[in-house]
Amino acid sequence: MIERFLKQTEFSSYEDFIANYELIIPDKFNFGYDVIDAWAAEQPDKPALVWVNDADVEKRYSMADVKRWTDKTANMFKNLGIGKGDTVMLMLKQRPEAWFAMIGLHKLGAIVIPATFQLTAKDIIYRCKAADVKMICAVDDADILKSLAGARPDCDASLVVSILGKNIPEGCRDLRADLDAAPEDWTRPDGDQKTGGRDGMLIYFSSGTTGMPKMILHDYTYPLGHITTAKYWQHVQDGGLHLTMADSGWAKFGWGKIYGQWICGAVLVAYDTDKFTPAHLLHTIERLKLTTFCAPPTVYRFLIQEDISKYDFSSLKHAETAGEPLNPEVYEHFLEATGLPITEGFGQSETSVILANYEWFPVKPGSTGKPSPLYDIDIVDENGESCEDGIVGTIVIKNTDKKHPTGLFREYYKDPAAMERSWTNGTYSTGDTAWRDADGYFWFVGRNDDVIKCSGYRIGPFEVESALLTHPTVVECAVTAVPDPVRGQVVKATCVLTKGTIGDDKLVKELQDHVKKATAPYKYPRVVEFVDELPKTTSGKIRRMEIRNSDLAKRGQEKVDSANRKSAVQNGERGGRKEKNAG
């Protein structure tokens, strides 16, 4: 399959890879027809998807099964009035229907909006209005149903809500019944209804720091951009089982659980659990005999706290990570326990993998590797000039006006101001900072804005601050990141309270619970500090950098004090032993 989309599939060196990697993009390419249906026609019994839950219950699907169900979902959506260009939001966790619905919508030509099950009513209302959502498909999770019930009065009255499961609220459709009743015969639309190529296919909502989440629009060529992600970074194998730890509502799902992996013929694992348990994940890797595995650093931090030696990892050939910087000590511990290096990659919801550790050069623990052949990558200073090696600057993608890279988003949908801030004279600024060493390796530093990366999630301070400011005791606040040994970063809220309010542990808990109710629960501040005033510029803007620097200074002083105390104790012990020996 992959040979259809690449002029050359094997490369002798990284230099060969960069110079000769070239995609073949069929006219009006559509992943649903040109990949799924093609596999089903050629190898109908080819294993495609393994669904597994906490109780080790499994369901397995072949490529013929996937074709059948995606054709049925396309018919279902069409019968419910969804057409080309309409937007449909999916909150289906990791049920098999998440895959079927995405591809069915691709076949129909509608625009998919993946959404996490953690959205609150406020989040849902914002997305429905911003993207003119016509239909929502969701599982009958209690929290999702509660959020939907709270959102529907403020959404368009014509919004169709379809629920997968047994608990179907009044006024909602039964997704399973509609899907079962839908015919299996589906013909690829033609004429003005033909879909693919540069048509809009997918919208991700991404957190930002100066406003509400932006809409990131990808076209139908986007899946081809993930061949580099799947084959050359993740090393998925035709027929091998691949698991990326990601919910269907996140961009990491598109990175690791559908597009590039199925193009390469891998068998996808849907790990549908209610609560992450490191021991059960290790058990699942062993039981299913995974070939490749990708997870954020937080997952690896939890895994190495278990006794990995008890599990048979002999089937596992490659392990990868992305989403936040990987601690070198985690890398070394996992390598020692499994014999596998963790190869780090870097990219955004806006892109496929743009930096990665590839097979042709050794891994430097902590480095995000080198550029993908799809993108013309550079590190620039505040004037847009290239930085010398060792100098921190912003990661940019250049020359997009000459050739738009396959895998790079088309636009921030309905947001020309965001486009103007990020895209200048054919150069797209990622907003992330890094430095490059003399060997060409890139070393990620962080955002040059204030997005917080906690356990693989991207959290925009503006959303958390907005939630906090709805509490009657909070006058103003600033949300920043503080380092955390397990999660990478956690959310910190620095708050100024109303006069006379006492900032105690009780209020901390109250504010945390308030944020959990006002926005997605994972965004709540794990650290809360009360101050008399916030540091600001002369124009009145909050200086979050000053707060971060102060926290880092405190953290450094705590380490010094701890080291001094340890040294004093050790010196005392040594002195005591000397006195005893002398006596």
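The chain is numbered in sequence order, starting from 1.
- Taking the centre of each ring, Tyr259 and Phe31 come in below the 6.0 Å mark.
- Remark: Arg127 qualifies as a cation-pi partner of Phe205 under the 6.0 Å distance and 45° angle criteria applied to the six-membered ring.
- Between Tyr21 and Phe17, the ring-plane angle classifies as perpendicular under the 30° and 60° cut-offs.
- For Tyr300 and Phe293, the distance between ring centers is under 6.0 angstrom.
- A salt bridge does not link Asp484 with Arg526: every distance from a Lys NZ or Arg NE/NH1/NH2 to an Asp or Glu carboxylate oxygen is 4.0 Å or more.
- When ring centroids are compared, Phe5 and Phe29 come within the 6.0 Å threshold.
- For the pair Glu476 and Glu465, the minimum side-chain heavy-atom distance is 4.5 Å or more.
- Under a cut-off of 6.0 angstrom, the local environment of CG in Asp532 is sparse, with at most 12 non-hydrogen atoms contributed by other residues, nucleotides or ligands.
- Counting non-hydrogen atoms of other residues, nucleotides and ligands closer than 6.0 Å to CD of Glu336 gives a total of 12 or fewer.
- Neither side chain, Glu350 nor Tyr204, offers a donor N or O lying under 3.5 Å from an acceptor on the other.
- Checked by atom type, the side-chain pair Asn20/Asp16 shows a donor-acceptor distance below 3.5 Å.
- Both the sub-6.0 Å distance and the 45° axial angle are satisfied by Lys370 relative to the ring of Tyr441.
- Residues Gln118 and Lys523 have side chains that never bring a donor and an acceptor to within less than 3.5 angstrom of each other.
- Using a 3.5 Å distance cut-off with no hydrogens or angles, the side chains of Thr427 and Asn425 do not pair a donor with an acceptor.
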Hey, mind stepping through Asp199 and Lys28 against side-chain contact (heavy atoms from CB on, under 4.5 Å) and telling me if it holds? CA-CA 9 Å; Asp199 296 331; Lys28 281 289 185 179; 2.9 Å; yes
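- Relative ring orientation between Tyr358 and Phe361 is described as perpendicular, the plane-to-plane angle rising above 60° on a 0-90° scale split at 30° and 60°.
- When ring centroids are compared, Phe346 and Trp255 stay outside the 6.0 Å threshold.
- Centroid-to-centroid, the aromatic rings of Phe409 and Trp423 come within less than 6.0 Å.
- Between Phe253 and Trp99, the distance separating the two ring centers is shorter than 6.0 angstrom.
- At most 12 heavy atoms of other shown residues, nucleotides or ligands fall within 6.0 angstrom of atom OH in Tyr413.
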